[in-house]
Number of protein chains: 2
Amino acid sequence: MSNKTIGIKDVAQAAGVSVTTVSHVLNDVAYARISPETRDKVRSVAEQLGYGPNRLAQALRTQRTGMLGLVSEEIATTPHAGRIILGADEAAKARGYNLMIINTPGSASLESRQADVQALLERRVDGILYATMYHRNVELPANLGSVPSVLVDSVATGGNITAVIPDEEGGARAAVGALLDAGHTRVGFINNTDDVPATHQRLAAFRAVLTEAGLDGGSAPVESEVSEVHGGYEAARRILAREDRPTGLFCYNDRMAMGAYRAAAELGLSIPDDLSVVGFDDQELIAANLYPGLTTVALPHYEMGAWATEHLIDAIEGKADLASMALQPTILGCPLVSRESIAAPR
Amino acid sequence: MSNKTIGIKDVAQAAGVSVTTVSHVLNDVAYARISPETRDKVRSVAEQLGYGPNRLAQALRTQRTGMLGLVSEEIATTPHAGRIILGADEAAKARGYNLMIINTPGSASLESRQADVQALLERRVDGILYATMYHRNVELPANLGSVPSVLVDSVATGGNITAVIPDEEGGARAAVGALLDAGHTRVGFINNTDDVPATHQRLAAFRAVLTEAGLDGGSAPVESEVSEVHGGYEAARRILAREDRPTGLFCYNDRMAMGAYRAAAELGLSIPDDLSVVGFDDQELIAANLYPGLTTVALPHYEMGAWATEHLIDAIEGKADLASMALQPTILGCPLVSRESIAAPR
DNA sequence: GGTCTTGTTGCTCATCTGTCTCCCACGTCC
DNA sequence: GGACGTGGGAGACAGATGAGCAACAAGACC
């Protein structure tokens, strides 16, 4: 503790050269002509002294901090945010950047969000990742535009900012397709009631896939409830009470599927023998731990975080142009994760 | 985009004073003698120009960054890390600090952890929070000592670093106590097989509480398995097959309790009428969504994150002495969260 | 009443933080 | 006398900080 930090000038003094030379050597400056002996000397002295650069001073001079700001909604509420952070952190670390994280309540006012971005700006982050807790349209703080930025899991109301979102339709198609592939012809959908893109897109995909398979997608049974376990339970009770009871159930998310499991159990229906179920989200804690394991569709949170970070850094380093990518959001696939909840109908 | 950022000198010029004066005004320097008129002038010009300080330059000069480093294990694997981050972020923001986060795999080598800390040090963070994914003994990177630091959810093998951990014993006592209060006399414990403090402390508390209540704590049934859903299922099958079948079950964590629910269902035992269950962890996704809702004990992750941050900042600002707190870890309570899984025995 | 001293007010100058980078200097060898 | 090989000096980045200076007022003294 407390032996004051040593800087480039301490190294210079100890090595008997100028600070300029030390800087040249340590940064492998292209045009610097310095003898191999001097280079070795400088390097070894630096290591001996345990020299580490002061990134603040570097950043001040070079106008590059190597820091990315990540403003994330509701870090704690959902494990999804964790996966985005992880994807972003690993991608950032791989390219020598670090993450500065700011949490913001989903309910935060625009001014409050703007203040968050401002804090990041004052620290001169090289770019900003703006992550929301679920796929929707968000209104962005105006000052976001003053530095390269990428939206994760949302599209901006105004458009024209690079964004990456999950392939809701493809995911839903994969889920329903898995049911059809197993031979089901009576398939129902337990939907969410929120007015978010996922609700509409998954429903549309559900109907489309059935129709394309020669079934009557238009009149296939759909029940909507709040997207929680109890909502899934209620909706499943209703849908399973129909005369033409479905043998396959596509659930809006894994929590609703969990509710469907209970409804099935109460009705004496065995999964997957009497009823096949497929969810959405791949919330490990639920999907892998239900019995039988829930076949579901994974949201690419990790991948979105990594993609956004990669492209943000490309833009910062001038290797890519965000503006051209901003024309439409990038869509990342939602792969099917097979477990044991789907079987052929009896 | 691109109107170059304005600095203190732009403000000075626009206000017709020196940069020194601007700095004095904006920082409310105590000994600075500046007329109220000038102060107002400077402030209004600064606001008009949308001036924001360059925290890098400030930090370089003052040797204070206002940044806290948080190295966290396995951000994604568990929602617990999210709660620690949230607690830390809110506490930090309240005092004007920001968080710089680095994720590290739980399996990372000591050198790799040291490199993570080094990265934080190079950015001159004012202090470091070192969070682990569950309560255990960790070996810390040596360079952690070069800046004020606090351990979250762990104690160091070497001791002498301030740490904050959950009250395992108190939590276990509350859980078992809830069962006894409901009138149960035959109570079993489904334990974890990992050799971590929680395993031993919860077991000890379990036996102690029973004994203190006049029951035979020493011979109360205990079954151990891996701390996952299927382990909980296996252990519950065994414990519920006993002749003196327990009417109350204390489970090592909520996942194991989830397995116990299934075991009970298969045996035709209704919760809570035939069997009362209490878990540990309060993993919302599980505890609140099981049917009936699982009564459990909450781990104070948010509180630990906030506590650690508060005290770290106190130490940084010279308002507290970490060394004196390092003598023994601070213990934070684990409150009981009541839901519907406990009833009086038949 | 004039000048000198001392104090106060209001603000600026010079210097510092640690690093990078452009440009120049010095010696040597063809 | 250039070209080459080696290396150093002096800002600049954006702001913080304490000493110092000018202007003026009030007393003090003869």
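Just so it is clear: chains get the letters A, B, ... in the order the sequence lines come, proteins before strands, and each one is counted from 1. Quick caveat: nothing in here was measured; it's all calculated off a predicted structure.
A side-chain donor-acceptor contact under 3.5 Å links Thr62(A) to the backbone of Gln58(A). A donor-acceptor contact shorter than 3.5 Å is absent between the side chain of Thr162(B) and the backbone of Val150(B). Counting only distance, with no hydrogens or angles, the side chain of Arg124(B) and the backbone of Arg55(A) share no donor-acceptor pair below 3.5 Å.
Comparing Ile34(B) and Leu26(A), the nucleotide of DNA chain C nearest to each residue sits closer to the 5' end for Ile34(B). Comparing Val29(A) and Tyr31(B) against DNA chain C, the residue whose closest nucleotide sits nearer the 5' end is Tyr31(B).
Rounded to an integer number of Å, the gap from CD of Gln63(A) to P of dT19(C) is 17 Å. Going from atom CG of Asn54(B) over to atom P of dA12(D) covers 17 Å, rounded to whole Å. Atom CD1 in Ile8(A) sits roughly 12 Å away from atom P in dG8(D) (whole-Å rounding). With rounding to whole Å, Leu56(A) atom CG is found 13 Å from dG15(D) atom C1'. Atom pair Arg64(A):CZ and dG18(C):P shows a separation of 24 Å (rounding to whole Å applied). Distance Gln58(B) CD to dC13(D) P: 18 Å, rounded to the nearest Å. Rounded to whole Å, the distance from CZ on Arg123(A) to P on dC13(D) is 22 Å. Computed from coordinates, the Arg124(B) CZ to dT19(C) P distance equals 7 Å when rounded to whole Å.
Backbone-only contact: Ser35(A) has heavy atoms under 4.0 Å from sugar-phosphate atoms and none from a base. Val17(A) comes within contact range of the sugar-phosphate backbone alone, with a heavy-atom separation under 4.0 Å but no base atom that close. The residue Ser23(B) sits close to a base: some heavy atom pair falls under 4.0 Å.
The side chain of Pro53(A) lies closest to dT19(C), out of dC13(D), dA14(C), dT19(C). In the set dC13(D), dT17(C), dT19(C), dT19(C) carries the atom at the smallest distance from any side-chain atom of Tyr51(A). Across dG10(C), dG8(D), dT19(C), the shortest atom-to-atom separation from the side chain of Thr21(A) is found for dG8(D).
The existence of a salt bridge linking Arg43(B) and Asp28(B) is confirmed by a sub-4.0 Å separation between a basic side-chain nitrogen and an acidic carboxylate oxygen.
The base of dG7(D) lies outside donor-acceptor range of the side chain of Thr20(A), with no N or O pair under 3.5 Å.
Judged purely by distance below 3.5 Å, without hydrogens or angles, the side chains of Gln114(A) and Gln118(A) never pair a donor atom with an acceptor atom.
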